[in-house]
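Keep in mind it's a predicted model, so treat the numbers as computed, not measured. Numbered from 1 within each chain, the chains take letters A, B, ... in sequence-line order.
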There are 2 protein chains.
Amino acid sequence: MATRLRRTQEERTNETRAALMEAAVSAVHRLGYGGATTALIADEAGVSRGALTHHFGSRAELMATVVQWVYEKELELYRDLLADGSRGQRVSDWPDIVWEVLSKPSGLAVLEILQATRSDRELAERVKPVQMAIEQAGIETMQARFGGDDDTRRATVRLIIWAIRGLTIEQMLVSDPTGVKASVDLLRLLLERAAPTGSMDDLQPVHRS
Amino acid sequence: MATRLRRTQEERTNETRAALMEAAVSAVHRLGYGGATTALIADEAGVSRGALTHHFGSRAELMATVVQWVYEKELELYRDLLADGSRGQRVSDWPDIVWEVLSKPSGLAVLEILQATRSDRELAERVKPVQMAIEQAGIETMQARFGGDDDTRRATVRLIIWAIRGLTIEQMLVSDPTGVKASVDLLRLLLERAAPTGSMDDLQPVHRS
DNA sequence: CCAAACAAACATACTTGCGTGTTCGTAATA
DNA sequence: TATTACGAACACGCAAGTATGTTTGTTTGG
């Protein structure tokens, strides 16, 4: 540890911003969006509120940056999980993968921030583009791997992501992690049976009514 | 309309409490938990803040009552939807049914309140028992209709409910209702394929790893 | 049946705590 | 020494809770 006594300005900036990001994620995860006050975040990051406001003009800006920051971490994590090529080849692999990524505290924190979007116009405008980029990236990743038309792909990505997100909420409400995971396994089972080849073409007949 | 000039005390109580409940649901739905201030709720209910505090000692008590109130409405709605016996016989019927119930504003509002539970201890203690009763009721309803062991049932109920809840969040973030519904249809498709007989016994092999 | 006494429902105004943004001062780096 | 990073203290607004007054309904003694 022991940060050198003399750091470059860029290092100082990066380190305190990172500390603030981690503190913000932790605080939002534990206390919810409303409970994650700027004073508390600064305190847990080991800096003053002045430092926080120096780097982020407003709470909304801080939170929007958190979304962006987590998004980048998640991308890395997806890359790591898919690195050896043994996972992610079949659609049914994805519930577990997405669960590993989104059930982390950062996933919960982002979800909180997304919901807070509704009562905070500034936050909404900052977060919206980021969030759209995320979903689009997910769909394009799927496109590269599986078949299926655009609508099927979008419906599948949405179902997996938001089922997982929903279950992460349940998980933290009941504080029974193992139990919730059973539902993730069930989703995998459903996908295995419905798309035995692992391709998305099997899920085509989504259109009716 | 024209409420009679003279109402009994009980009528007065019931009417303003109902007005407050509806206003609270609407406000939380539109503005999120944080944005639904007591002043705003009272205003939209057409009563004073004093009236609100007379009936509910605290904001937490009001919100907890909302959860209870919505829960009862939802139970009625389930009964109505299942009344003619044409629906709900197969497991794959349930995504649509749950969607119809939980995608209403009241469903979103309750979800918001549930999340707010984390930053508000008083709220948590008031809401927790209610929420546990709800899940239990859902599981028992399933038990009466379908087979499957207890774990499978619980996993299935959780998956359906929280997948739907997650999708309702997505729905209001993207403001594209029809698109999100496609994911609900997909979930039904998955269940149809995985449990063709409609029974839950088909979903048994949930246990692994 | 009436009127006074009571109780419950509702309204208004105040108080207080808290969280954000801001300002100004200090330390570290370039 | 100039600029950037950071810290301490302050100011402002807002929202929940509280205290007190007013209206409406209910009950009871005559």
Side-chain angles (χ1 to χ4, degrees), chain A residues 2-21 23-24 27-28 30-66 112-113 116 119-123 126, chain B residues 2-21 23-24 27-28 30-66 112-113 116 119-123 126:
Chain A
T3 48
R4 299 174 301 295
L5 275 68
R6 187 176 179 83
R7 299 169 296 169
T8 174
Q9 293 286 57
E10 191 182 353
E11 283 172 339
R12 295 216 298 169
T13 296
N14 290 340
E15 284 172 21
T16 74
R17 285 175 72 106
L20 284 169
M21 287 296 102
V28 172
R30 297 194 329 273
L31 309 169
Y33 183 82
T37 183
T38 56
L40 187 121
I41 292 172
D43 194 55
E44 292 194 0
V47 300
S48 70
R49 280 196 55 244
L52 187 151
T53 61
H54 172 68
H55 289 285
F56 306 98
S58 68
R59 191 169 105 111
E61 186 179 334
L62 170 77
M63 293 300 185
T65 308
V66 167
E112 288 270 349
I113 296 173
S119 39
D120 188 330
R121 196 151 204 89
E122 183 193 350
L123 182 67
R126 291 181 183 277
Chain B
T3 47
R4 297 174 302 294
L5 276 66
R6 188 176 181 86
R7 299 170 295 170
T8 175
Q9 295 283 57
E10 192 183 354
E11 283 172 337
R12 295 214 301 166
T13 296
N14 291 341
E15 284 172 20
T16 75
R17 284 177 72 106
L20 283 169
M21 287 296 102
V28 172
R30 296 194 330 273
L31 309 169
Y33 183 82
T37 183
T38 56
L40 187 123
I41 292 172
D43 193 56
E44 291 194 0
V47 301
S48 70
R49 253 174 45 86
L52 187 150
T53 62
H54 172 71
H55 288 285
F56 307 98
S58 67
R59 191 169 103 110
E61 187 179 333
L62 170 76
M63 293 301 184
T65 308
V66 166
E112 289 268 349
I113 296 173
S119 39
D120 189 329
R121 195 151 205 91
E122 184 193 349
L123 183 66
R126 291 181 183 277

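Proximity of His55(A) to the phosphate of dT4(D): no side-chain N or O atom is located under 4.0 Å from OP1 or OP2. Listed pair His54(A) / dA5(D) meets the phosphate criterion, a side-chain N or O lying under 4.0 Å from OP1 or OP2. One finds a side-chain N or O of Thr16(B) lying less than 4.0 angstrom from the OP1 or OP2 phosphate oxygen of dC10(C).
Nearest heavy atom pair, residue Thr38(B) against residue Leu52(B), reads O-CD1, 3.8 Å.
Nucleotide dT18(D) holds its C1' atom 18 Å from the CZ atom of Arg59(B), rounded to whole Å. Atom CG of Leu62(A) and atom P of dT20(C) are 10 Å apart (whole Å). The nearest whole Å value for the distance from the CD atom in Glu11(B) to the P atom in dT26(D) is 9 Å. A straight line from CG of Leu52(B) to C1' of dA8(C) spans 17 Å, rounded to a whole angstrom. Taking atom CG of residue Asn14(B) and atom P of nucleotide dG25(D), one finds them 15 Å apart after rounding to whole Å. In this structure, Glu10(B) places its CD atom 14 Å from C1' of dA9(C), rounding to the nearest Å. The separation between Asp120(A) atom CG and dT20(C) atom C1' is 12 Å, rounded to whole Å. With rounding to whole Å, Arg17(B) atom CZ is found 15 Å from dA8(C) atom P.
Among the atoms of the strands shown, base atoms are found under 4.0 Å from some heavy atom of Thr53(B).
Of the residues in residues 30-48 of chain A, those lying under 4.0 Å from DNA chain D by heavy-atom distance are Val47(A), Ser48(A).
Looking only at side-chain heavy atoms (C-beta outward), Val28(A) and Met63(A) come within less than 4.5 Å of each other. Within the 4.5 Å cutoff, the side chain of Met21(A) has heavy atoms near those of the Leu62(A) side chain. Looking at Leu20(A) and Thr65(A), their side chains never come closer than 4.5 Å, going by heavy atoms from C-beta outward. Residues Arg17(B) and Phe56(B) meet the side-chain proximity criterion, which asks for heavy atoms closer than 4.5 Å.
For residues 32-46 of chain A, every residue pair satisfying the salt bridge (Lys or Arg N to Asp or Glu O under 4.0 Å) rule, not counting sequence neighbours, is listed here: Arg30(A)-Glu44(A).
A donor-acceptor pair under 3.5 Å links the side-chain atoms of Ser58(A) to the main chain of Glu61(A), judged by distance alone.
Annotation: of the two residues near DNA chain D, Arg49(B) and Arg12(B), the 5′-most nearest-nucleotide partner is Arg49(B).
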